[in-house]
Asker: 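After the structure tokens below, expect a handful of questions from me.
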Number of protein chains: 2
Amino acid sequence: MHIVIIVSVDPRSDRAVYRQVADILRGLIADGTIVPGALLPSEKQLADTYGVGRDAVRQAIGLLRAEGLARTIRGEGTQVRQPVERRPVPLLPRTHAIARMPTEHERAELDLDEGVPVIAIRTSKGHEDIHPADTVYLVAKD
Amino acid sequence: MHIVIIVSVDPRSDRAVYRQVADILRGLIADGTIVPGALLPSEKQLADTYGVGRDAVRQAIGLLRAEGLARTIRGEGTQVRQPVERRPVPLLPRTHAIARMPTEHERAELDLDEGVPVIAIRTSKGHEDIHPADTVYLVAKD
DNA sequence: CCGGATTTGTACGTATGTATT
DNA sequence: GAATACATACGTACAAATCCG
């Protein structure tokens, strides 16, 4: 099985231009052409390269952020997110865990990147612990 | 503790206009003014009501979608998402569970709304089960 | 430290396409 | 078919953060 990397944008395609740009960037990331931690080309550069508006580029990058693949720092650029080391979190008997997107408040509080869910663990007592989903994994524990 | 509902947008505020619009809409939802399943006013209506561009309204609604609060249907409108009934999913010993945003493929495959993470459960055998995070909760099981 | 260049964020406008009512 | 509503795509302009000489 080999991977086909798309390298150009077709404005007449059924697929929206910004999705095509996102496809290209995902390819460059999956490819290893752009390694974790490295910056993508600037929005202007991408727009010029692929012959699209800056708007389309921003929407494309927005998709990557929502998927948890990239994060953007104003004035600096967009970088491929580093996979973080996950630590185990025990799921005790009689406790429930759900995953959801954080509220705006939680995102600020926990300093979460876009596209990072939270895991809420609730005990039968009603106590709730919130964990950033990208730093933990759950294991059954008795 | 009482809730302060913002009702107007101040273009001179430090807070971006689209975030102010999002705040207002979140308030109307938390408030019960707009109940789950009901449609928000149209983008144009919101833009006129708050004296902002349609762009700002779309960004605001985009925030709500990313938070899992709303979903938009083209040609119809944006509705407040219904909290769905969750079913328990056992987390067996020697299995790990992580939460993350779905890939584009998974989102299409599972027909997920924006702002809905997935829970991936991996056994020691290497088998992986994917669940929409909004329909399940995890419980420890021996 | 300062100032300019670069880069992303916000905001608005216009136009056209597509889906639903 | 018409009206309504969201999606896409381009453009402009200015603000704000960062980088760099």
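The chains referred to below are lettered A, B, ... by the order of the sequence lines, with proteins before strands, and numbering in each begins at 1.
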Asker: Can you tell which of D:dA7, C:dA11, C:dT8 lies closest to the side chain of B:V17?
Answerer: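 In terms of side-chain proximity for B:V17, the closest of D:dA7, C:dA11, C:dT8 is C:dA11.
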
Asker: Is A:R19 salt-bridged to A:D23, cutoff N-O under 4.0 Å?
Answerer: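 Answer for the salt bridge query: no.
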
Asker: Under 4.0 Å from any atom of DNA chain C, heavy atoms only: list the residues of residues 49-61 of chain A that qualify, in numerical order.
Answerer: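 Nucleic-acid contacts, sorted: A:R54, A:R58.
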
Asker: Taking atom P of C:dA5 as reference, at what distance in whole Å does atom CD of A:Q45 sit?
Answerer: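 Checked: the CD to P distance equals 18 Å.
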
Asker: Between A:I34, A:L64, A:V35, which is the residue that forms a side chain to side chain contact (heavy atoms under 4.5 Å, CB included) with A:V80?
Answerer: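 The single option meeting the side chain to side chain contact (heavy atoms under 4.5 Å, CB included) with A:V80 is A:I34.
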
Asker: Once you round to the nearest 0.5 Å, how far does CZ of A:R86 lie from CG of A:D134?
Answerer: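 Rounded to the nearest 0.5 Å, the CZ-CG separation comes to 6.5 Å.
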
Asker: Is there a path of hydrophobic side-chain contacts, each under 4.5 Å between heavy atoms of I, L, V, M, F, W or Y residues, that connects A:V21 with A:L63?
Answerer: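 Different clusters: A:V21 never reaches A:L63 through Ile, Leu, Val, Met, Phe, Trp or Tyr contacts under 4.5 Å.
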
Asker: For A:Y18 and C:dG17, what is the distance between atoms OH and P respectively, to the nearest whole Å?
Answerer: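 The distance from OH of A:Y18 to P of C:dG17 comes to 18 Å, rounded to the nearest Å.
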
Asker: Quick test: give all pairs of protein nitrogen or oxygen and nucleotides 15-21 of chain D nitrogen or oxygen below 3.5 Å, distance rounded to 0.1 Å.
Answerer:
{"residue": "D:dA16", "atom": "O4'", "partner": "A:R74", "partner atom": "NH2", "Å": "2.7"}

Asker: Starting at atom CG of A:D48, determine the distance to atom P of C:dT6, rounded to an integer number of angstrom.
Answerer: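 Value for this atom pair: 13 Å.
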
Asker: Any ion pair linking B:R58 and B:D55 (charged N to carboxylate O, less than 4.0 Å)?
Answerer: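 So B:D55 does not pair with B:R58 through a salt bridge.
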
Asker: What's the CD-C1' distance between B:Q79 and C:dT20, to the nearest Å?
Answerer: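 These atoms are roughly 14 Å apart.
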
Asker: Can you tell me how far CD1 of A:I24 sits from CG of A:L46, rounded to the nearest 0.5 angstrom?
Answerer: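 Rounded to the nearest 0.5 Å, the CG-CD1 separation comes out at 9.0 Å.
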
Asker: Return the CD1 to CZ distance between B:I98 and B:R122, rounded to the nearest 0.5 Å.
Answerer: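 Reported to 0.5 Å precision, the distance equals 7.5 Å.
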
Asker: Regarding A:R15, tell me which of base, sugar-phosphate or nothing describes its non-hydrogen contacts under 4.0 Å with the strands shown.
Answerer: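 No contact.
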
